[in-house]
Amino acid sequence: MTNVKDSLAGQLTRSGRKIKNMEKKGARKKVSVQQVYNAVLEMDDELVVKAVKAEIDNGTDPSVILNEGLISAMDEIGKRFSEGTVFVPEMMMAAEAMKAGVAELKPLMQDIDTKSSGTIVIGTVKDDLHDIGKNLVAMMLESGGFNVIDLGVDVETEKFLEAAKDNNADIICMSALLTTTMPAMKEVVEAIKEAGLDFKTMVGGAPVTQEFADQIGATGYSADAPGAVEKARELIG
Amino acid sequence: MSIQSIESNYCGGHQTAQFKLLSEQQCEKIVGAALEILERTGVDINCEEALSLLKKAGCYVDGKRVRIPSHLIKWALNTAPSRIVLANRKGERKLFLEGHNSYFGAGPTCPNFIDAETGERRKARKQDVVNTAIVADKLPNIDFVMSLSMISDQTPELADVHEIHAMLQNTTKPLAGWAFNAEGMQDIIDMCTVVAGSLEELQRNPFIVLYSEPTSPLTHSEQALKKLLLTAENRIPVVYSPGMIIGGTAPVTLAGAVAVGVADNLTGLLLTQLKSEGAPFIGATQGGPMDMATMQHCYGSPECLLQQTISTDIYRYLKLPIWGTAGVTDSKVVDQQAAIDASIQILVGALSGAHLIHDVGFIDLGMTGSLEQMVMCDEIIGYVRRFIYGLEISDETLALDVVDQVGPGGNFLGTKHTFKNFKERVWKPSLFDRRSYDQWAADGCKTMGQRVHEKVKQILNEHKPEPLPEDVVKQLDAIVERAETRVKK
């Protein structure tokens, strides 16, 4: 019994420790705002806020703190997730930590011409209320510097199009968890074509595949959230 | 051999294998948590009719958020039947959802299918549903039939209707059906009514269970509720099963996950009883852990087994018929992983005694249907059933006279007692190899996988299910036609 308990306890704490160990061992990217970057990788919001404040006090350019510190660290988290060394709850904690840092920067950023990487409209398709995957992708896109308009769940085709027009969006991202709601993605892609609009489309969700994306004529597909960031960057160019 | 009469554990000399994880007090605690969730947090109800039923019953309605007082759930638990009997297509009462009786059947809505001829993974077709029904009809341990498919070679919006159309004509076993929406579900009810002769006949001896599901956590979509209310109105047994992804759509800790699932399921129970008091309802919460690297829901996991067991214990405590899951693997092919998953799930499912255990034949995280997986599971279920059946302790089984007659150094092979009993007492496999090495080698050194494959082909070639009368088939065709016309508008 003792052995079982020990090994269970080991498993339960391993993931937390693993990150820190990996951190110590792992080759850390050298950036000018190292403390901010590191704090995001530590997934510690208080540490991020502290580090961001310190950089602000040092007079560091807020856009450098944002791009080289916060966004660059989230890219690294995304990479590690894709490699299988960082897990979803950790990725979400890192994004929360990053957001806390962004909040500190916001008052300073208004004066600076911050060019977002692009505007993305996102939602789950008609009749699909499952939004975990969609939320994760939205969060990672935001963390990647995109301007994200989240339409929520059960989004009608027209609403996708309207929101994209109103916000001058580059990409419409659609998510579905149910095999029974996937056909709604095709509707959106076709409605864009019919309306003669040129929004790019990205699709994702557990049952969605590259094959399906090609079949319905979607511009892009990603199997995971960090992949969606890469794909969106590629599509917007 | 079906797993019945297990109640006799307590009243006769028959000892069967059973397993229970939770005590009554622990069940009460988790159910109490579910009731607290309904009173404190509430559920989102996205359907006008459902909202008005709940409001009229005395729930606290704030927009679409509904908080449900515990006494209403208690009332609904009392009015819903504690047992359901499913008939076959001919109206013969076959599956008794009560006690520890466990029945196994396939699952729904796999977009892909393993081609029975080529072994290729491709989009599911209507012929796959026909084949699933034929194979399930033949297999002795598959008790009810689902489509293992979400077909894409017919009008896509009518995949649900076409699948029932195919199943009704290719098996007499009880069915479980899914639907995109209430219109499709009405078509399905209409088809079953035609087969039964009348709606009343279908209600008296239902041979179909219908399926709808809330969106975990605590969200109920308009279509899910419309389907649910339609089943209650027609008094057809319904499964309203939250498909939780533990750690994602439910707490990562099992007690909390099951409490959330039970809260969602009991919301469905209450609505069926408000719509039509006494409507048959099957208790269900389904869920496996989220794999935190891939975000996939994992069927092949100890947590999934625990979730199943806890859920079964709780619905038995609540005295509702119980829905379960087994015979499904995350593996992409019917391989060793698939056999391990299926064996453990089927054993645990039967030990804890859920009544309708579905998803037999799922592979690829439930994204692909496989007749080979179903045929392999049939063998496993037979194996498990013999184990569950246990033993009877009586003068006949103690066989003291036979022991005395054979005496020291003798053997029992030639006794009348062995002759009389061996067929019933010793499980005879249909796919396991127990020959000598040489015999096996001379027969082509076939693996279990190859033998399973051959059996699928053999059944498809040879088995001819009992057909429906021609005029009934015509009426079914007409209902499908009607549906086609509706969706073309």
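Residues B:Met290 and A:Ile132 form a side-chain contact, since some pair of their non-hydrogen atoms from C-beta on lies under 4.5 Å apart. Counting heavy atoms from C-beta on, the side chains of A:Thr180 and B:Asp160 never come closer than 4.5 Å. When side chains are defined from C-beta on, A:Pro89 counts as touching B:Met292, because their heavy atoms get closer than 4.5 Å.
Counting non-hydrogen atoms of other residues, nucleotides and ligands closer than 6.0 Å to NZ of A:Lys99 gives a total of 12 or fewer. The local environment of NZ in B:Lys64 is sparse, with at most 12 non-hydrogen atoms from other residues, nucleotides or ligands closer than 6.0 Å. Heavy atoms of other residues, nucleotides or ligands lying less than 6.0 angstrom from CD of A:Gln215 number more than 12. Taking a 6.0 Å sphere around CD of A:Glu230, one finds it holds 12 or fewer heavy atoms contributed by other residues, nucleotides or ligands. More than 12 heavy atoms of other residues, nucleotides or ligands lie within 6.0 Å of CD in A:Gln210, so this atom counts as buried by the packing criterion.
In this structure, the separation between NZ on A:Lys126 and OG on B:Ser221 is 11.5 Å, given to the nearest 0.5 Å. Rounding to the nearest 0.5 Å gives a distance of 8.0 Å between CD of A:Glu211 and CG of B:Asn112. Between atom CD of residue B:Gln223 and atom CG of residue A:Asp128 there is a gap of 13.0 Å, rounded to the nearest 0.5 Å. In this structure, A:Asp127 CG and B:Asn46 CG are separated by 10.5 Å, a value rounded to the nearest 0.5 Å. Note that CG of A:Asp131 is 9.5 Å distant from OG1 of B:Thr215, once rounded to the nearest 0.5 Å. Considering CZ of B:Phe180 and OG1 of A:Thr179, their distance stands at 7.0 Å, rounded to 0.5 Å.
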Run the side chain to side chain contact (heavy atoms under 4.5 Å, CB included) check on B:Met295 and A:Leu136 step by step: do they pass? CA-CA 10 Å; B:Met295 291 185 75; A:Leu136 191 63; 3.1 Å; yes
B:Glu213/A:Leu178 under side chain to side chain contact (heavy atoms under 4.5 Å, CB included): CA gap, chis, key distance, verdict: CA-CA 11 Å; B:Glu213 64 175 41; A:Leu178 300 176; 3.9 Å; yes
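Proximity to chain B is absent for every atom of A:Pro183, based on heavy atoms less than 4.5 angstrom apart.
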